[in-house]
Amino acid sequence: MSENDQSVVRVTADGPVRTITLSRPEQLNAADADMHRQLGLVWRGIADDPGARAVIVTGAGRAFSAGGDFDFMEEHRDASARWRIIEEARRILIEMVQFPLPVVAAVNGPAVGLGSTLAMLCDIVVMSEDAFLSDPHVTIGLVAGDGGAATAPAHMSLLHAKEYLLLGGRIDARRAYEIGLTNRVVEASAVMSEARLIAERLAAQPAHALQDTKRALNQSLELALASTRNYGLVAERYSMTHPDHLAFLDRNAHHGSSEGA
């Protein structure tokens, strides 16, 4: 797997570990159209890499991912773009859940909307003590259909998942640990080193046994996705043109904010 420093989704190799870095640091790694597309494609290439045994996902700079870039969300106004975005979201979900190698999330800062979903789709999560999770889909008039409705209840109680998604508030790292959304909380300076230690331990495990155990564990997540994905994605697509969401876009048209779609 070659390194591409110019990509907004960079893949670097270090021994058997591959690191995926979301790389729009000036925008807090908010997803634009290019990043969203690449997030659906990157997994297949690593799965086909014979030297890869484990993966780390992190963000460049001070954020994991601030969610959806405002300009990207402006594409919700276009019918063909809406279908493309939803199909890309479907691909991200399927590719990550079915990805054979173990994936460690190094949540080095805010993980909002899509960023939160990406972390929840990983196998082991390490969070900086300064990081937080948030999924404000509902708050900005969108259905949380591209992951949150399926992944959140897979990791915490349904009551906690409802509070998290329906109110759209922040969950700090300590609270995330208490309710089962992260495995480790460490100092900000130690996030990548801790994730690296875990990834190296995973890479050293017998690959066949590890990968098939992951597949077995992810059966429950696949079933959860199958039961919510189609309805959730279609409902989210229609919410992209709901007056509540369009009003949010209009209010923020001059700010270029990223709000976590």
Side-chain angles (χ1 to χ4, degrees), residues 5 7-12 14 17-32 34-36 38-39 42 54-73 92 96 103-137 139-140 144 146-148 151-152 155-156 164-165 167-199 252 255-261:
D5 287 330
S7 175
V8 294
V9 178
R10 293 192 287 112
V11 179
T12 53
D14 186 359
V17 177
R18 303 294 176 266
T19 299
I20 298 173
T21 304
L22 310 180
S23 187
R24 300 185 74 222
E26 297 300 319
Q27 295 78 30
L28 300 181
N29 304 316
D32 61 0
D34 187 27
M35 179 181 286
H36 198 253
Q38 289 190 40
L39 281 169
V42 67
V55 176
I56 298 170
V57 180
T58 194
R62 59 191 180 91
F64 185 74
S65 173
D69 180 87
F70 184 79
D71 289 339
F72 179 47
M73 284 192 286
I92 292 169
M96 288 193 70
V103 183
V104 181
V107 182
N108 54 308
V112 180
L114 175 61
S116 176
T117 295
L118 291 175
M120 289 190 194
L121 287 169
C122 294
D123 302 306
I124 295 178
V125 179
V126 178
M127 285 185 71
S128 163
E129 61 188 3
D130 300 327
F132 65 85
L133 304 170
S134 178
D135 192 329
H137 272 74
T139 303
I140 65 172
D146 61 348
T151 56
H155 298 298
M156 53 183 162
Y164 173 63
L165 294 173
L167 293 178
R170 295 182 177 185
I171 301 177
D172 65 35
R174 295 296 173 187
R175 181 61 175 159
Y177 181 79
E178 291 172 359
I179 63 177
L181 292 179
T182 187
N183 300 87
R184 312 274 175 87
V185 176
V186 299
E187 294 181 0
S189 61
V191 172
M192 279 304 295
S193 59
E194 183 71 14
R196 176 77 195 185
L197 286 173
I198 295 170
N252 290 275
H255 299 294
S257 59
S258 299
E259 294 288 344

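Keep in mind that what you see is a predicted model, and the values were worked out from it rather than measured.
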Which heavy atom of [X] sits nearest a heavy atom of [Y], and at what distance?
X	Y	answer
Ala119	Ala105	CA-CB, 4.2 Å
Gly113	Pro136	N-CD, 3.9 Å
Ala131	Val107	CB-O, 3.8 Å
Ala144	Leu165	CB-CD2, 4.2 Å
Gly169	Ser134	O-OG, 3.4 Å
Asn29	Ser65	O-OG, 2.9 Å

[Y] side chain reached by [X] side chain, heavy atoms, under 4.5 Å:
X	Y	value
Val57	Leu118	no
Val42	Ile20	yes
Cys122	Met96	yes
Asp69	Arg24	yes
Leu39	Leu114	yes
Asp32	Asp71	no
Met156	Tyr164	yes
Asp14	Arg196	yes

Contacts of type ring-ring contact (aromatic ring centres under 6.0 Å, His included), residue Phe132, not counting sequence neighbours: none

Rounded to the nearest 0.5 Å, how far does [atom2] of [Y] lie from [atom1] of [X]?
X	Y	atom1	atom2	result
Arg170	Leu133	CZ	CG	11.0 Å
Asn252	Ile140	CG	CD1	9.0 Å
Glu194	Arg184	CD	CZ	5.0 Å
Arg10	Thr19	CZ	OG1	9.5 Å
Arg174	Met127	CZ	CE	10.0 Å
Asn108	Leu22	CG	CG	9.0 Å

Using a 3.5 Å distance criterion without hydrogens, assess whether the side chain of [X] forms a donor-acceptor pair with backbone atoms of [Y].
X	Y	answer
Thr58	Ala106	yes
Thr182	Val125	yes
Asp130	Gly109	no
Asn183	Val126	no

What do you reckon, is [atom1] of [X] surrounded by more than 12 foreign heavy atoms closer than 6.0 Å?
X	atom1	value
Arg175	CZ	yes
Glu129	CD	yes
Arg62	CZ	no

Who are the side chain to side chain donor-acceptor pair (under 3.5 Å) partners of Asp34, not counting sequence neighbours? Arg37, Gln38

Any donor-acceptor N or O pair under 3.5 Å, side chains Asp135, Ser116: no

Between His137 and Asp146: side-chain donor-acceptor atoms closer than 3.5 Å: yes

For residues 105-119, which residue pairs qualify under salt bridge (charged side-chain N to carboxylate O under 4.0 Å, His left out), counting only residues two or more places apart or in two chains? none

